[in-house]
Every structure is written in C-alpha cells, then in structure tokens.
Number of protein chains: 2
Amino acid sequence: MNQATRIPRGEARRRILDAALNVIRAQGYSATSVDDLCKAAGVTKGAFFHHFASKEELGVAAAQHWSDMTGGLFAGADYHRHADPLDRVLGYIDFRRDILAGEVSEFTCLVGTMVQEIYDTHPDLRAACNRTIASHVATLVEDIRQAREMHAPDADWSAESLAWHTQAVLQGAFILAKAKGGAAIAADSVRHLRRYVEMLFAEAPAE
Amino acid sequence: MNQATRIPRGEARRRILDAALNVIRAQGYSATSVDDLCKAAGVTKGAFFHHFASKEELGVAAAQHWSDMTGGLFAGADYHRHADPLDRVLGYIDFRRDILAGEVSEFTCLVGTMVQEIYDTHPDLRAACNRTIASHVATLVEDIRQAREMHAPDADWSAESLAWHTQAVLQGAFILAKAKGGAAIAADSVRHLRRYVEMLFAEAPAE
DNA sequence: TAAAAAATACCAACCAGTCGGTATGTTGTA
DNA sequence: TACAACATACCGACTGGTTGGTATTTTTTA
C-alpha cells in the first residue's frame with residue numbers, strides 16, 4: 001500500500017545508522033530496541049539483520065558512523081584558518097560552545113552516551129567508542145603541540161593530556177546538561193575550559 | 001532448605017539499595033533488570049515490589065541513597081580542617097583524585113551514569129539525579145565563595161559556576177576512564193582541574 | 001537468471017510488574 | 001498478661017508483552 005514511501009534500494013544501512021545516531025542519543029543504547037531502530041529508520045527487521053549481525057555490531061558501526069559524521073563537521077569548520085595554532089585551539093573550543101544549542105539530544109555525544117552504559121559488558125563496543133574519542137583527540141593534539149611550543153614550551157603538561165582534558169570537560173558538560181535539562185550549564189563549563197587554556201598559554205616566561 | 005542464608009527481617013530495602021549502587025554502576029540503569037537487582041541483593045521479586053512501586057521508583061531511591069552515602073564520605077574527609085578556604089577547595093580536588101583507583105565501576109558516579117541514559121525518558125529519575133548533583137555542588141559553593149572573596153574578589157566567574165565545572169570535569173573524567181578502561185586518564189583530567197583552580201586564585205591583582 | 005537486498009513470519013528467552021498467600025511483628029483491650 | 005485484630009514484610013509462581021535473533025520467502029537489479 002505505501003509504495004510511495006518505500007525506501008530506495010541500498011539505502012537501508014545508511015538509514016539505520018542515521019537513525020541510530022538520533023535514537024540512541026535520546027534513549028541510550030540499552031533502552032533502544034532493534035525494533036525502535038527499524039521503526040525510526042523506516043526499514044524492517046529483516047533488513048536490519050541483513051546488514052548487522054547483532055545489535056552490538058550495529059553499535060560498533062554507529063560509533064564509526066558518528067566518527068565519520070563529526071569528523072567531517074570539524075574538518076570543515078573554519079577555526080582551522082587561523083595562522084596561530086593557539087587561535088585554532090581556542091577557535092575549536094568556541095566552536096564546541098556554539099554548538100551547544102537546541103534539544104539536549106541534538107548536541108550530546110553518541111559514543112559518550114554508549115560507553116557510559118556498556119563499558120563493562122560489551123568490550124567490542126567499548127573499544128569502538130574509545131577509538132572514536134581517540135581519533136577526535138588526535139585531530140586536536142597537533143594544534144595544541146604547536147601552540148605549546150610557541151607559547152609555553154616549558155609547561156609541565158603534555159599536548160595529549162590537554163587534548164583529552166578538553167574531551168572530559170565536554171563529556172561532563174553533556175551530563176550536567178542532561179541533569180539540568182538545558183544547554184546553559186554546559187556552555188558555562190566550556191567557558192571555564194577556554195579560560196583555562198588561555199591561562200595556560202598566557203603565563204609569563206620563567207623569571 | 002536455606003534457612004541459614006535467610007536475610008533478617010527489615011533489611012531487604014537497604015540490601016536492594018546497596019546492590020543497586022553497584023549493579024547499576026557496572027551495567028547501567030536500563031540494562032539492569034529487577035531480577036538482577038533481586039539476585040544481587042539476595043531478595044525475592046516480591047520483596048522488591050513491596051518496597052518500590054516500580055523500577056523507576058527504585059532508581060529515585062537509589063539516587064537519594066547515593067547522595068546519603070557519598071555525602072557522609074565527603075563530610076568525613078579531612079580536607080575540611082584547612083583554615084584557608086582555598087586549601088579546602090584544593091583539598092577536595094585532591095581527595096577526588098585520590099579516590100580514582102581500583103575497578104572503574106567502584107569510583108564512578110551512580111547518578112551520572114543513570115542520568116546519561118534516562119534524562120529524556122524518565123523525568124522523575126532525571127530530577128532525582130539532578131537533586132543529588134546539585135546538593136553535592138552546594139557543599140562546595142561556600143568554600144569556593146570564601147576563597148574567591150579572599151583571593152580573587154574581582155573574578156569574572158561565579159562560585160556556583162566553578163563548583164558545577166568541577167563536577168563536569170569529574171563526570172567527563174569518568175567517561176574517559178570507561179572508554180580507556182582505567183583510572184589514569186581520569187586522574188590526568190583532575191590534575192588539569194587543580195591547575196586551573198590554582199591559576200584562578202593565583203592571578204596577580206589588576207595592574 | 002543468479003545473487004544480493006529486503007520483507008514477512010516466527011521463536012525462545014526475558015522483561016517489568018501482579019497476585020494470592022504466609023510469616024512475623026505490633027497494637028488495642030479485657 | 002493473654003489474646004484477638006491488624007499491619008508489615010516477604011515469598012515465588014505467574015502474566016502479558018517485548019526482546020534479540022532466525023528461517024523463509026519475495027523483490028529488485030546486474
């Protein structure tokens with residue numbers, strides 16, 4: 001009967017992955033059933049298990065899909081245009097703050113949500129989430145390293161550890177936003193993060 | 001047959017709550033079934049639903065129980081002995097860092113884990129988690145306010161926002177620890193937080 | 001027409017929650 | 001102080017519905 005709404009052949013997998021991004025961010029991984037995903041994607045269960053051997057495998061693929069989507073978003077953002085690497089780092093932080101708008105489920109992180117629930121019960125999915133976070137961290141490290149060499153070469157912290165710290169602040173900010181029911185508290189935390197980075201690179205040279 | 005292992009009358013409720021703290025932190029809220037909780041607590045399903053009208057109501061009670069347990073832990077810690085409020089704030093941060101040891105599920109936060117999953121689907125439980133975090137934040141605000149007045153009265157941030165920021169860092173650090181499978185990365189982030197607080201209160205007066 | 005892609009129908013295990021009933025107090029009263 | 005009346009705590013089999021996953025059939029396209 002609903003021929004008009006039939007989905008084009010070959011698109012089921014992508015539609016399931018796109019649906020997973022939204023549904024899992026709103027409901028969590030465990031509370032999201034395969035049927036929920038099929039309904040949101042507009043496909044049948046048969047199509048689902050044709051493309052994914054299990055729910056966990058979908059989760060792993062969704063983590064990679066999230067990595068691809070957000071990777072494109074950040075790669076295309078224009079904070080990269082700054083000549084000074086510190087401006088690129090601060091531009092990244094500002095970009096993250098600007099994103100904090102609208103519904104909570106729209107700006108929070110898929111892999112942060114998933115790994116919170118499944119880290120001890122689904123090793124492969126945990127590893128996939130870790131890969132996604134680590135690959136995003138890797139895109140920050142080079143700018144931070146350059147900024148450190150230029151502005152704070154003797155600092156007692158590593159570029160890697162600061163890059164991971166930015167992710168800790170963001171992930172924690174998402175949790176507070178979920179608890180309070182709004183983005184404002186998250187933006188406050190990102191502003192503290194910006195101030196911290198400014199101070200790290202503004203310190204007077206050793207006297 | 002197992003008369004010896006029968007649990008004393010009146011202890012079922014407490015045992016369920018204690019079990020919930022551990023099981024939910026390890027498996028997440030949604031993935032934890034009522035039967036899981038009953039098994040871990042050594043009680044029957046009948047006892048469970050005698051004390052809690054629903055799984056969500058158990059979650060709400062567990063958030064309060066967590067608040068009571070951790071509230072006692074922090075109230076009894078000896079960073080409160082410092083005369084300078086800044087030392088109390090830094091002592092709190094060090095205390096949080098020292099706690100980061102052992103199994104991930106033993107140092108992570110119950111309400112952070114729960115609210116991540118259920119913020120959009122279980123309003124009462126979300127509110128309970130928010131109350132727990134807010135009440136912990138409240139225990140920090142007074143020390144931060146005093147430290148601010150003493151060391152940085154003209155700062156362009158509020159005591160409340162810094163207190164919430166500490167929780168963002170901690171919650172985010174837990175997520176990274178879950179993703180990476182160890183406490184080390186979390187301790188790194190808490191060290192960044194300490195450095196930030198030190199710098200906030202060490203700034204030279206306006207020139 | 002062969003093979004991939006998707007739909008349909010179905011299963012056994014499991015889920016949150018219910019129910020009738022028992023064991024163990026606690027309270028009122030003579 | 002004895003005992004009836006009642007309340008609380010607990011038990012575990014059971015229910016309707018849902019779960020992740022499978023087996024089979026139909027459709028599409030190369």
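Proteins get letters first, then strands, A, B, ... in listed order; numbering begins at 1 in each.
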Quiz: residues 65-75 of chain B side-chain donor-acceptor pairs under 3.5 angstrom, not counting sequence neighbours:
residue: B/His65; atom: NE2; partner: B/Asp18; partner atom: OD1; Å: 2.7
residue: B/Asp68; atom: OD1; partner: B/Gln64; partner atom: NE2; Å: 3.0
residue: B/Thr70; atom: OG1; partner: B/Trp66; partner atom: O; Å: 2.8

Checklist entry - Which pairs count as salt bridge (Lys or Arg N to Asp or Glu O under 4.0 Å) when at least one residue sits in residues 79-88 of chain B, sequence neighbours excluded? => result B/Asp78-B/Arg81, B/Arg88-B/Asp143
Next on the checklist: What residues from residues 52-62 of chain B pass a heavy-atom cutoff of under 4.0 Å to DNA chain D?
Outcome noted: none
Next on the checklist: What is the distance, to the nearest angstrom, from the CZ atom on B/Phe48 to the P atom on D/dC10?
Outcome noted: 13 Å
Next on the checklist: Test: salt bridge (Lys or Arg N to Asp or Glu O under 4.0 Å). Region: residues 119-142 of chain A. Which pairs qualify, not counting sequence neighbours?
Outcome noted: A/Glu142-A/Arg145
Next on the checklist: I need the CD1-P distance between A/Ile16 and C/dA5, as an integer number of Å.
Outcome noted: 12 Å
Next on the checklist: Rounding to an integer number of Å, can you tell me how far B/His50 NE2 sits from C/dG25 P?
Outcome noted: 14 Å
Checklist entry - Do the side-chain N and O atoms of B/Gln27 and A/Thr121 include a donor-acceptor pair separated by under 3.5 angstrom? => result no
Item to check | Pairwise salt bridge (Lys or Arg N to Asp or Glu O under 4.0 Å) hits with a residue in residues 47-59 of chain A, at least two apart | outcome: none
Next on the checklist: Looking at B/Lys45 and C/dA16, is any side-chain donor or acceptor paired with a base atom of the opposite kind under 3.5 Å?
Outcome noted: yes
Item to check | Pairs touching residues 15-35 of chain B that satisfy ring pair (Phe, Tyr, Trp, His ring centres under 6.0 Å), sequence neighbours left out | outcome: B/Tyr29-B/His122
Item to check | Pairs flagged by salt bridge (Lys or Arg N to Asp or Glu O under 4.0 Å) wherever residues 27-43 of chain B is involved - sequence neighbours left out | outcome: B/Asp35-B/Lys45
Checklist entry - Mapping A/Phe49 and B/Gly46 to their closest nucleotides on DNA chain D, which lands nearer the 5' end? => result B/Gly46
Quick one: which protein N/O atoms are closer than 3.5 Å to N/O atoms of nucleotides 16-18 of chain D? Pair and distance per line, please.
none

Checklist entry - Where along residues 115-124 of chain A does a heavy atom come under 4.0 Å from DNA chain C, residue by residue in number order? => result none
Checklist entry - Mind checking what makes salt bridge (charged side-chain N to carboxylate O under 4.0 Å, His left out) contact with A/Arg148, not counting sequence neighbours? => result none
Checklist entry - Using a cut-off of 4.0 Å on non-hydrogen atoms, how would the nucleic acid contact of A/Thr32 be classed: base, sugar-phosphate, or nothing? => result sugar-phosphate
Show me, pair by pair, the donor-acceptor contacts under 3.5 angstrom made by side chains of residues 105-115 of chain A, not counting sequence neighbours?
residue: A/Glu106; atom: OE1; partner: A/Glu103; partner atom: N; Å: 3.4
residue: A/Thr108; atom: OG1; partner: A/Val104; partner atom: O; Å: 3.1
residue: A/Thr113; atom: OG1; partner: A/Cys109; partner atom: O; Å: 2.9
residue: A/Thr113; atom: OG1; partner: A/Lys178; partner atom: NZ; Å: 3.1

Checklist entry - Less than 4.5 Å apart, any side-chain heavy atom of B/Leu17 and any of B/Leu58? => result yes
Checklist entry - Can you tell me how far P of D/dT19 sits from CG of A/Leu37, to the nearest Å? => result 11 Å
Checklist entry - Can a side chain N or O of A/His51 be found less than 4.0 Å away from OP1 or OP2 on C/dA6? => result yes
Next on the checklist: Going by ring pair (Phe, Tyr, Trp, His ring centres under 6.0 Å), name the pairs with one or both residues in residues 170-192 of chain B, residues two or more places apart or in two chains.
Outcome noted: A/His165-B/His192, A/Tyr196-B/His192
